[in-house]
Amino acid sequence: MHHTTLCAVAAALLSALPGAQASMYAKKSPVLQVDAKNYDRLIAKSNYTSIVEFYAPWCGHCKNLKPAYEKAAKNLEGLAKVAAVNCDDDANKSFCGSMGVQGFPTLKIVRPKKGGGKPMVQDYQGQRTASAIVEAVVQQINNYVIKVEDKSLDKFLADKETPKAILFTEKGTTSTLLKSIAIDFAGVVTIGQARNKETKAVETFCVNKFPTLLLLPGGDASAVVYDGEMKKDAIVQFLSQAGQPNPESPAKGDGKAKEKKSGNASSAKAKPKTTSSKTFSATPVSETETATQEAPVIVETALPIPSINTPDKLVKECFTEKSHTCVLAFVSSTESEKRKKALESLSELAFKHAQSKRHLFPFYEVPMGNEGVASILKALDLTGDVEIVAVNSRRGWWRHYDGADFGHESVESWIDAIRLSEGVKKKLPEGIVAIAVEEPTSAAAPEASSEPTPDATEAGVSEEATQVTPEASGEAASDSTESTSTQATDPTGEPETAHDEL
Ligand SMILES: *[C@@H]1O[C@H](CO)[C@@H](O)[C@H](O)[C@H]1NC(C)=O
Ligand SMILES: *[C@@H]1O[C@H](CO)[C@@H](O)[C@H](O)[C@H]1NC(C)=O
Ligand SMILES: *[C@@H]1O[C@H](CO)[C@@H](O)[C@H](O)[C@H]1NC(C)=O
């Protein structure tokens with residue numbers, strides 16, 4: 001009992017230190033932290049294989065394992081889940097007991113059953129090194145990739161409706177990366193793999209180099225050849241044109257009230273989800289920081305946003321009394337990193353929303369430089385050479401994007417806040433809409449605001465109500481999760497592993 005007292009003192013001391021938590025893993029750790037409550041959803045019901053560490057923060061072997069375990073988590077990012085349960089808590093204790101945990105750390109590999117049902121749980125008794133753990137987990141990843149051979153080609157292609165993708169390769173084995181993609185798209189896009197020696201298949205699709213990834217979007221749509229990098233997030237984006245990938249685990253609440261919306265708008269956001277998605281990111285293991293920042297792969301998955309070049313058009317689209325929400329990126333004509341990033345972020349978002357058939361308010365690029373634009377900027381007191389704002393002239397408010405970097409994540413969470421009607425709305429200066437109303441082209445013409453997109457969109461519906469439906473908020477939140485996961489930059493990114501190639 002003396003022992004307990006000492007521990008209690010130590011714990012009290014620790015908790016006084018900044019950052020010292022009950023949990024052994026930091027919030028930012030690549031290790032996904034689960035507990036009795038969310039284990040089922042995050043691990044047991046996922047289509048991904050997981051390894052779960054049951055630990056106690058005070059246990060020396062657990063501390064020794066930590067670096068290797070975190071490294072394994074990094075290497076398995078996007079391929080399998082690496083999770084930990086802190087058993088040193090009454091709330092988790094009985095759960096750990098029910099999982100048969102008798103000592104710390106205990107490592108278990110949880111392999112989902114194809115087609116549903118209880119997953120298979122095995123103890124991991126191998127070496128406690130990152131590579132041994134990674135190898136063991138990789139071997140337990142389910143394979144949904146269908147082997148396509150000349151003799152089975154017709155059968156594979158028979159169901160015309162379901163989108164399919166085929167990887168033509170010289171390899172006889174299926175890569176972990178492709179397996180993970182097949183899991184992402186299980187039930188959405190059928191993933192096949194054909195070897196170069198399957199000449200009929202190769203000739204049918206005129207494949208002349210290997211590897212080649214081909215998407216058959218379904219129906220009468222013609223095949224699309226992927227010409228981006230063979231990296232996971234780029235491929236996932238590419239395949240997303242045929243259907244949205246599965247979430248990494250079933251949605252929270254699974255149908256019942258999703259993410260409860262507290263009265264407190266600013267804290268609600270998509271933040272809590274972001275944390276968990278970071279731990280299980282779709283970012284390929286090998287992607288280095290620079291590669292992610294440059295994000296060359298994004299270009300083909302972006303929808304260029306229309307440009308508004310005349311003040312008349314700007315007024316007509318966004319500054320009449322009837323105008324719904326518009327997102328405007330005011331950009332100076334000078335090329336800059338900021339400008340590029342801002343437009344890219346919006347283009348990617350536009351693409352994503354188009355993909356998920358979600359109507360959102362329109363995004364426009366508005367070159368600075370003419371007087372009308374200058375006077376609007378002046379009225380809003382904006383002086384930067386890149387400024388993103390949302391305006392809703394109908395309701396007389398506007399919002400200013402004041403994030404630091406114009407990066408995808410930051411712009412997206414700003415947009416999400418607008419959709420959820422969170423955050424600060426500023427009152428539009430009187431003059432702006434008034435000027436607009438005077439414009440002959442605009443206010444007079446009711447057709448001006450009759451385009452279906454902005455009308456139907458309206459996130460404005462929820463803006464009016466200021467209360468968001470659970471679906472809307474859940475959707476937005478999960479949506480932003482996706483994006484964070486595909487976009488997550490990882491400063492500690494490891495270079496290569498054996499599992500990043502198709
Ligand atoms: C159970 O473990 C999780 C994950 O380690 C931890 O975050 C959580 O705080 C624990 N449960 C409780 C009630 O403390
Ligand atoms: C798991 O895979 C099945 C298809 O086998 C799919 O219908 C289901 O939506 C997937 N579940 C999740 C959580 O992705
Ligand atoms: C909402 O959050 C703010 C700070 O972000 C805080 O000051 C306020 O007390 C919170 N309100 C509620 C109802 O939680």
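If you're wondering where the values come from, they're calculated on a predicted model, not measured in any experiment. Remember, it's 1-based here, ligands and their atoms both numbered in the order they're listed.
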*Between Y55 and N86, is any pair of side-chain heavy atoms under 4.5 Å apart?*
yes

*Ignoring hydrogens and angles, state whether a donor on the side chain of Y25 or E53 is under 3.5 Å from an acceptor on the partner side chain.*
yes

*Can you pull out the closest protein heavy atom to atom 13 (C) of ligand 2? Residue, atom name and distance to 0.1 Å, please.*
P250 N, 3.7 Å

_For the 3.5 Å polar cut-off, considering only N or O atoms, please tell me whether N47 and ligand 2 meet it._
yes

*Judged by atom type as modelled, is there a donor-acceptor pair below 3.5 Å linking the side chain of S46 to the main-chain atoms of I43?*
no

*For the pair E77 and K74, find out whether any cationic side-chain nitrogen is under 4.0 Å from an anionic carboxylate oxygen.*
yes

*Top protein contact for atom 14 (O) of ligand 2, by heavy-atom distance*: N246 CB, 2.9 Å

*Of the protein's non-hydrogen atoms, which lies at the shortest distance from atom 4 (C) of ligand 2, and what is that distance?*
A186 CB, 3.8 Å

